[in-house]
Each structure stands twice: as structure tokens, then as C-alpha cells.
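Heads up: the structure comes next, in C-alpha cells.
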Amino acid sequence: MGSVVDAPAVVTEEEVAANMLGDKKVTVVFVLGGPGSGKGTQCANIVEHFGFTHLSAGDLLRAEIKSGSENGTMIENMIKEGKIVPSEVTIKLLKQAMIKDENDRFLIDGFPRNEENRAAFELVTKISPAFVLFFNCSEEEMEKRLLGRNEGRVDDNIETIRKRFKVFVESSLPVIEYYRAKDKVKEIDAAKPIPEVFEDVKAIFAPYAKAA
Ligand SMILES: Nc1ncnc2c1ncn2[C@@H]1O[C@H](COP(=O)(O)OP(=O)(O)OP(=O)(O)O)[C@@H](O)[C@H]1O
Ligand SMILES: Nc1ccn([C@@H]2O[C@H](COP(=O)(O)O)[C@@H](O)[C@H]2O)c(=O)n1
Ligand SMILES: [Mg+2]
């Protein structure tokens with residue numbers, strides 16, 4: 001058995017918000033940052049190292065379009081315009097995904113995107129995030145990344161990218177400020193190379209390492 005000194009720090013029950021989803025107590029981290037700041041890239045690393053489930057709101061909306069849902073055309077049009085889909089649609093998808101998954105630790109990537117998202121999620125789920133991971137990056141760097149992403153996304157073109165930046169500044173940054181006022185924001189310099197960003201992310205998630 002390891003000594004107290006070398007045992008990984010583990011978050012106590014009191015430190016984790018008492019968030020129930022059905023009969024499951026969940027830990028939720030909101031992962032925010034501008035388009036192309038590296039949210040998805042770093043979430044994949046966190047999943048691998050810390051056992052969280054990654055739920056990207058954008059991915060869930062894109063899957064909903066593909067599924068032929070009645071909301072598909074509306075969602076597709078909103079994404080093409082860089083607009084934010086009504087909260088009820090996105091929250092339903094997030095809630096379903098969290099209930100379906102056996103895990104109790106979730107990274108919610110790209111949500112809440114505006115005040116309506118934030119307030120509706122709180123109202124519907126009664127879940128508050130353990131913290132908000134904010135990837136801060138310049139528009140110049142994010143634009144370069146998005147134009148080089150090559151994943152065939154309908155919104156990775158310069159016109160839509162500019163619209164997404166505007167929506168981020170006008171609607172999403174205020175949500176980050178809301179959580180900053182509650183001392184819940186952990187900010188990362190996302191302009192650094194991917195491995196360096198992950199070193200900073202790892203330091204933040206260290207208390208969430210599962211005890212061996
Ligand atoms: N730190 C980094 N340095 C350079 N390139 C990066 C870095 N992080 C991510 N990338 C690259 O930038 C592109 C966008 O990254 P990613 O998809 O993770 O961003 P995102 O924040 O999820 O974007 P979106 O909000 O559009 O979904 C990808 O091609 C990714 O490989
Ligand atoms: N809470 C959200 C999240 C995303 N969208 C729409 O999806 C687009 C792509 O999102 P990414 O996180 O994958 O970049 C985004 O521009 C919105 O149109 C949303 O409406 N609500
Ligand atoms: Mg993404």
C-alpha cells in the first residue's frame with residue numbers, strides 16, 4: 001500500500017457538488033473556449049488520463065442532424081450560420097447522453113454557450129459544474145486552426161468562423177464571466193502547443209485522479 005505522501009490527491013465528497021441525475025451523483029466540468037481553441041483535442045486527453053466521459057454539445061447536435069430527427073434541418077441551418085440552437089434541444093441531448101452513460105464524471109464541451117443555455121440547464125437538471133475549464137486563445141490562432149482542421153465541418157469556412165467568433169464574444173464570454181464571479185473558472189493558455197496545454201490541464205485535473 002502507498003504512503004499518504006505518495007497517494008494521489010482525491011477530491012472529497014464535500015468538494016464535489018452534490019449533483020444527482022436520477023439515482024446517480026455526477027461530477028460535471030463545463031469545457032469552454034472559442035471555436036478552435038482546442039476543447040475537443042484536450043477533452044480526448046482528459047478522457048484517457050482521468051476517466052471522464054466527453055460530451056460535446058456540437059457533436060451531439062451534428063449526430064441529431066444525421067439521425068434524421070425532425071429538428072435536423074433547423075439545427076443544420078443554425079450551425080451553418082454559427083447560431084446557438086434553442087436550449088431545450090441541446091439540453092435534452094446532453095441529459096439523455098448522461099443518463100445512458102454508466103460513468104458519473106462528464107466533460108460537457110461547448111456548453112453552456114449563452115445565458116439561456118446556462119439558466120435552462122441549471123433549471124432542468126439542477127446540476128452545477130464542479131468548475132469551468134476555459135481555453136483562452138487569440139482569434140488569429142483559432143482562425144488558423146479552424147481553416148486547417150479539414151474535418152469537413154460545414155461551419156469551418158471563413159464567413160461562418162467570423163460569425164462564430166462574434167457569437168462567442170457576445171454570448172459565451174458573459175457565461176464565463178458569470179462563473180468567474182463565482183470563482184469557478186480555471187483558465188488555460190490554449191495558444192501553446194498541444195502537449196504543453198495538456199500539462200496545464202493535468203495539473204487542474206490532478207485532484208480527480210482515481211486512487212490506485
Ligand atoms: N494547442 C494547439 N496547437 C495547435 N493546434 C491545435 C491545438 N489544439 C488543437 N489544435 C488543432 O486545432 C483544430 C481545432 O481543435 P479542436 O477541434 O480541439 O477545437 P475546438 O475548441 O473543439 O473547436 P470547435 O469549437 O470548433 O469544436 C484541430 O485541427 C486541432 O488538431
Ligand atoms: N451549446 C451549443 C453548442 C453548439 N451549438 C452549435 O453547434 C455549433 C458547433 O459547435 P462546436 O462546439 O462543435 O464548435 C455551434 O457553432 C452552434 O451552432 C449550439 O447551438 N449550442
Ligand atoms: Mg470541438
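We count residues from 1, following the sequence as given. Read the numbers this way: they start at 1 and go in the same order the structure lists the ligands and their atoms.
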Among side-chain atoms of Tyr208 and Arg105, is any donor-acceptor pair under 3.5 angstrom?
no
Under 3.5 Å, is there a donor-acceptor pair between the Thr53 and Asn103 side chains?
yes
With heavy atoms of [X] as the reference, note each atom of ligand 2 found under 4.0 Å away.
X	result
Arg62	9 (C), 13 (O)
Ile84	20 (O), 21 (N)
Asn117	1 (N)
Arg164	14 (O)
Val85	19 (C), 20 (O)
Asp155	9 (C)
Gly110	1 (N), 2 (C), 3 (C)
Gly58	10 (O), 13 (O)

Could you tell me whether a side-chain N or O of Asn117 sits under 3.5 Å from a main-chain N or O of Phe111, the two making a donor and an acceptor?
no
From the list Asp155, Asn150, Asn157, side-chain hydrogen bond (donor to acceptor under 3.5 Å, both in side chains) partner of Arg153 resolves to Asp155
So, [X] and [Y], do they make that salt bridge, N to O below 4.0 Å?
X	Y	result
Arg62	Glu76	no
Asp200	Lys192	yes
Glu170	Lys166	yes
Arg149	Asp156	yes

Group every Ile, Leu, Val, Met, Phe, Trp and Tyr by side-chain heavy-atom contacts under 4.5 Å, then state whether Phe168 and Val185 land in the same group.
yes
Heavy atom of the protein closest to [atom] (residue, atom name, distance):
atom	result
atom 19 (C) of ligand 2	Leu61 CD1, 3.5 Å
atom 22 (O) of ligand 1	Gly40 N, 3.0 Å
atom 23 (O) of ligand 1	Gly36 N, 3.0 Å
atom 8 (N) of ligand 1	Ile194 CG1, 3.5 Å
atom 18 (O) of ligand 1	Thr41 OG1, 2.5 Å
atom 19 (O) of ligand 1	Gly38 N, 3.3 Å
atom 20 (P) of ligand 1	Lys39 N, 3.6 Å
atom 7 (O) of ligand 2	Ile79 CG1, 3.6 Å

How does Asp109 reach ligand 2, if at all, at less than 4.0 Å between non-hydrogen atoms: by side chain, backbone, both, or neither?
neither
Atoms of ligand 1 close to Ser37 [distance to a heavy atom under 4.0 angstrom, numbered from 1]:
21 (O)
Taking only heavy atoms of Pro193 into account, list the atoms of ligand 1 that are under 4.0 Å away from them.
1 (N)
Do the side chains of [Y] and [X] get nearer than 4.5 Å, heavy atoms only?
X	Y	value
Asn45	Val201	no
Tyr178	Lys184	no
Met74	Pro86	yes
Leu94	Phe106	no

Below the 3.5 angstrom mark, is there an N/O of Arg113, backbone or side chain, next to an N/O of ligand 2?
yes
Taking 4.0 Å as the limit for heavy-atom contacts, which would you say applies to Leu146 with ligand 1: side chain only, backbone only, both, or neither?
side chain
May I ask you to identify, for Ser56, whether its side chain, its backbone, both or neither come under 4.0 Å of ligand 1 on a heavy-atom basis?
neither
[atom]: which of [options] has the nearest heavy atom?
atom	options	result
atom 14 (C) of ligand 1	Glu151, Arg149, Met142, Gln42	Arg149
atom 26 (O) of ligand 1	Arg113, Lys192, Arg164	Arg164
atom 17 (C) of ligand 2	Lys83, Glu116, Met78, Lys163	Lys83
atom 13 (C) of ligand 1	Arg145, Arg153, Glu196	Arg145

Give yes or no for whether the N/O distance cutoff of 3.5 Å, strictly under, is met between Asp156 and ligand 1.
no
Look only at interatomic distance and state if Pro35 has a nitrogen or oxygen under 3.5 Å from any nitrogen or oxygen of ligand 1.
no
Contact between Arg153 and ligand 2, counting heavy atoms under 4.0 Å?
yes
Please report the shortest heavy-atom distance between Ser87 and Ala120, naming the atom on each side.
CB-CB, 3.9 Å
Please report the closest heavy-atom contact between Pro207 and Ala203, naming both atoms and the distance.
CD-O, 4.1 Å
Decide if atom CD of Glu196 counts as having more than 12 heavy atoms of other residues, nucleotides or ligands within a radius under 6.0 Å.
yes
Reported OG-to-CD distance for the pair Ser128 and Glu122, which is rounded to 0.5 angstrom
7.0 Å
